[in-house]
Amino acid sequence: MKTTGVVRRIDDLGRIVIPKEIRRNLRIRDGEPLEIFVDKETIGLKKFSSIREMNELAKSFISIVNNTIGKNIFVSDRDCFLAISGELKEKYLNKNISTYLEDVMNNRKIVVEKDFNKLELVEGQQLNCTYVIYPIIMNGDAIGLVLVVSTKENLSATDEKIANVTARFLGEYVEQ
């Protein structure tokens, strides 16, 4: 664990303020859940991601989908790509999602691009592809995204439906 040199006092309600710069660097938003860890005399905080708890299931599920439709399938939480199946896995796995994708998620937009167009998956890197993006919704909150991406051919209506079903399945599974 790296020290920041920042010292804060606990108030009379037991609260402590995490400095804005640290929240910005770690992409911690207002109202976002943090998990608390204790080790001897150390208290640690970690961003909590419901989807991370079911990462292995997501990987298996999208692998099956990829084998069926032959397109790249991405699953993200609010910060990064947790699971990818297809040729783009090595390039994007565990990378932070772009601000464009954050906006899509926060606005709960469904985006369908049937013609080849530029998509910024991570900041500063554009990919020429066709794609569909569905937010993963759990208990009314957008907690991640499912993307179906093709760099070789146009997407079909079936690809759109698969992205929708995948996002709905993951959102409902996390709720349980």
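These numbers come from the heavy atoms of this one structure, side chains and all, not from hydrogens, waters or symmetry mates.
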Distance check, rounded to the nearest 0.5 Å: [X] atom [atom1] versus [Y] atom [atom2]?
X	Y	atom1	atom2	answer
I10	I16	CD1	CD1	5.5 Å
K118	L127	NZ	CG	8.0 Å
N94	D79	CG	CG	12.0 Å
N164	D159	CG	CG	12.5 Å
S150	K114	OG	NZ	14.0 Å
I110	R108	CD1	CZ	11.5 Å

Could you give me the CA-CA distance, side-chain angles and deciding distance for V75 and I136, then say whether side chain to side chain contact (heavy atoms under 4.5 Å, CB included) is met?
CA-CA 9 Å; V75 175; I136 301 170; 4.1 Å; yes

Going only through I, L, V, M, F, W and Y residues with side-chain contacts under 4.5 Å, is there a path from [X] to [Y]?
X	Y	answer
I73	V165	no
V146	L57	yes
L93	F74	yes
I22	L34	yes

Check whether any side-chain heavy atom of [X] lies under 4.5 Å from a side-chain heavy atom of [Y], and answer yes or no.
X	Y	answer
I36	L45	yes
Y131	L147	no
Q125	S98	no
L101	I133	yes
T166	F61	yes
M105	L145	yes

Side-chain donor-acceptor pair present, [X], [Y], cut-off under 3.5 Å:
X	Y	answer
T130	E153	no
D39	T42	no
E120	T99	no

For N106 and R78, what are the C-alpha separation, side-chain angles and deciding distance, and is it a side chain to side chain contact (heavy atoms under 4.5 Å, CB included)?
CA-CA 9 Å; N106 291 334; R78 295 192 58 80; 2.6 Å; yes

Backbone N/O of [Y] and side chain of [X]: donor-acceptor pair under 3.5 Å:
X	Y	value
N66	I62	no
D11	L13	yes
S63	K59	no
D77	C80	yes

Looking only at heavy atoms, what is the nearest atom pair of [X] and [Y], with distance?
X	Y	value
C129	L119	SG-CB, 3.9 Å
Y134	A163	CD1-CB, 3.7 Å
I84	L88	CG2-C, 4.2 Å

Does this structure show an ion pair linking E87 with K152, if we count only N-O contacts that are shorter than 4.0 Å?
yes

Enclosure of R168 CZ (heavy-atom neighbours >12, cutoff 6.0 Å)
no

Hey, is CZ on R9 packed in by over 12 heavy atoms from elsewhere, all under 6.0 Å?
no

Passes side chain to side chain contact (heavy atoms under 4.5 Å, CB included), I69 versus V148? Steps please.
CA-CA 10 Å; I69 67 171; V148 176; 4.1 Å; yes

Side chain to side chain contact (heavy atoms under 4.5 Å, CB included) between T158 and K161, intermediate numbers included:
CA-CA 5 Å; T158 302; K161 288 178 184 175; 5.6 Å; no

